[in-house]
Amino acid sequence: MEELLKPIVAEIFDQNDWGQPAQYIPELAGIDPKQFAVSVCLADGRTVSAGSASKPFSIQSISKVFSLMLALGRVGDQLWSRVGREPSGTSFDSVVLLEKERGRPRNPFINAGAIVTTDALLSGREPRTALAEILTLVKDMSGSEDIYINESVAASEQETGSRNMALAYYLKSHGNLSCTPEQTLGTYYHQCAIEMTTEQLAMAGRSLAGFDGAPKIISHEHIRRVNALMMTCGHYDGSGDFAFRVGLPGKSGVGGGILIIAPNVASIAIWSPGLNHYGNSNAGTRAAEMLSRATDWSVF
Ligand code: GLU
């Protein structure tokens, strides 16, 4: 695996095609895009990394995988009455379909769907309790206590989050938000502002890869479903392209991270903060494509 990662990292730095960090979140906008990390956890317990694998980054929408796991554990299939499970074909923060489909977001990974999922977790609790639960889950899954929420990133998003606020009010107007938009978004921004290294994130993915010995968080059936959603909806309107190029379930975040699952074989975390036009890591997606090709891990 070490030998396999070397040429991938070399090619990423050679091509020098990084994309631009998320500009709409001021705290992320100024990050140097020329950074790269990859970690691979294998079923036999080994973890192999290359690049800045010990550097924490903002996991952003990758947190939606963890909140979905918790919400499924909490409300089970009831969640699907509030959120669909179809790819949206629209951008992560699009308002278009919400209007047409009367406030039921297409899937739990676009922002509207993730806001509903966080609302399901939050209902009947204090935001700090729900957040502590998400953070504890992430720590348990990665086997690391050294994971924090970056308050400046959460505040930065709150200040510029008019679009998410619009989504939340829209959901509320359709009766699909039980808490106030402010409470639900406050919790959502904080879960997005969790920072992890690729080493920690790859470790956290072991439960979704179905490894023996990984923490059992949700049932096998739910693991299958989360992976199916990652494959079909994990990269917004770039999900088809990711499946085409990589052939593995993956979830991206605008912090430049990607969590990728090769069921029963590997859990992979990649980070490079420059984004492509879909809002997914540019170099990260290319690295995932090279890795999938070199290992033949595509599920197809
Ligand atoms: N916190 C980000 C937002 O709501 C998440 C988007 C993403 O990572 O794709 O805009």
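Residue numbers count from 1 along this sequence. Atoms considered below: every heavy atom in the structure, side chains included; atoms not considered: hydrogens, waters and symmetry mates. Counting starts at 1 for both ligands and their atoms, in listed order.
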Among all protein non-hydrogen atoms, which one is nearest to [atom], and what is the separation to 0.1 Å?
atom	result
atom 1 (N) of ligand 1	Gln60 OE1, 2.5 Å
atom 5 (C) of ligand 1	Ser61 OG, 3.2 Å
atom 9 (O) of ligand 1	Tyr236 OH, 2.4 Å
atom 3 (C) of ligand 1	Glu157 OE2, 2.9 Å
atom 4 (O) of ligand 1	Tyr188 OH, 2.7 Å
atom 10 (O) of ligand 1	Tyr24 OH, 2.5 Å

How about [X] and [Y]: does a side-chain donor come under 3.5 Å of a side-chain acceptor?
X	Y	result
Ser142	Ser144	no
Ser91	Asp237	no
Ser39	Glu199	no

Open item on the list: Taking the six-membered ring for Trp, are Phe92 and Tyr24 closer than 6.0 Å centroid to centroid?
Closed with: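 Yes, they do, as the ring centres are separated by less than 6.0 Å.
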Open item on the list: Looking only at distances, can you tell me whether any N or O atom of Lys64, backbone or side chain, sits closer than 3.5 Å to an N or O atom of ligand 1?
Closed with: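 Among all N and O atoms of Lys64, none is under 3.5 Å from an N or O of ligand 1.
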TODO: Mark yes or no: Lys64 above the aromatic ring of Tyr236, with NZ or CZ under 6.0 Å from the six-membered ring centre and no more than 45 degrees from the axis.
DONE: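 Verdict for Tyr236: no cation-pi partner in Lys64.
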Numbered atoms and elements of ligand 1 in range of [X], under 4.0 angstrom, heavy atoms:
X	answer
Phe92	6 (C), 10 (O)
Cys192	1 (N)
Gly253	8 (O)
Asn111	3 (C), 4 (O), 6 (C), 10 (O)

Open item on the list: Within this structure, what is the CD1-CD1 distance for the pair Ile59 and Ile258, rounded to the nearest 0.5 Å?
Closed with: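 One gets 14.0 Å once the value is rounded to the nearest 0.5 Å.
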Open item on the list: Could you check whether atom CD of Gln78 has more than 12 heavy atoms from other residues, nucleotides or ligands sitting under 6.0 Å from it?
Closed with: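 Incorrect, the count does not exceed 12.
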Task: Phe13 atom CZ, over 12 foreign heavy atoms within 6.0 Å - done: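 Atom CZ in Phe13 is crowded, with more than 12 foreign heavy atoms closer than 6.0 Å.
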- [ ] Could you tell me if any non-hydrogen atom of Asn164 lies under 4.0 Å from any atom of ligand 1?
- [x]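 Under 4.0 Å: yes for Asn164.
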Task: ligand 1 contacted by Tyr189 (non-hydrogen, < 4.0 Å) - done: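 So Tyr189 does not count as touching ligand 1.
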Task: Salt bridge Asp77-Arg225, side-chain N to carboxylate O under 4.0 Å - done: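 Looking at Arg225 together with Asp77, the answer is yes, because their closest N to O distance falls below 4.0 Å.
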TODO: Have a look at ligand 1 and work out which part of Val254, if any, has a heavy atom under 4.0 Å from it: side chain, backbone, both or neither.
DONE: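 It is both parts that get close, each with some atom under 4.0 Å.
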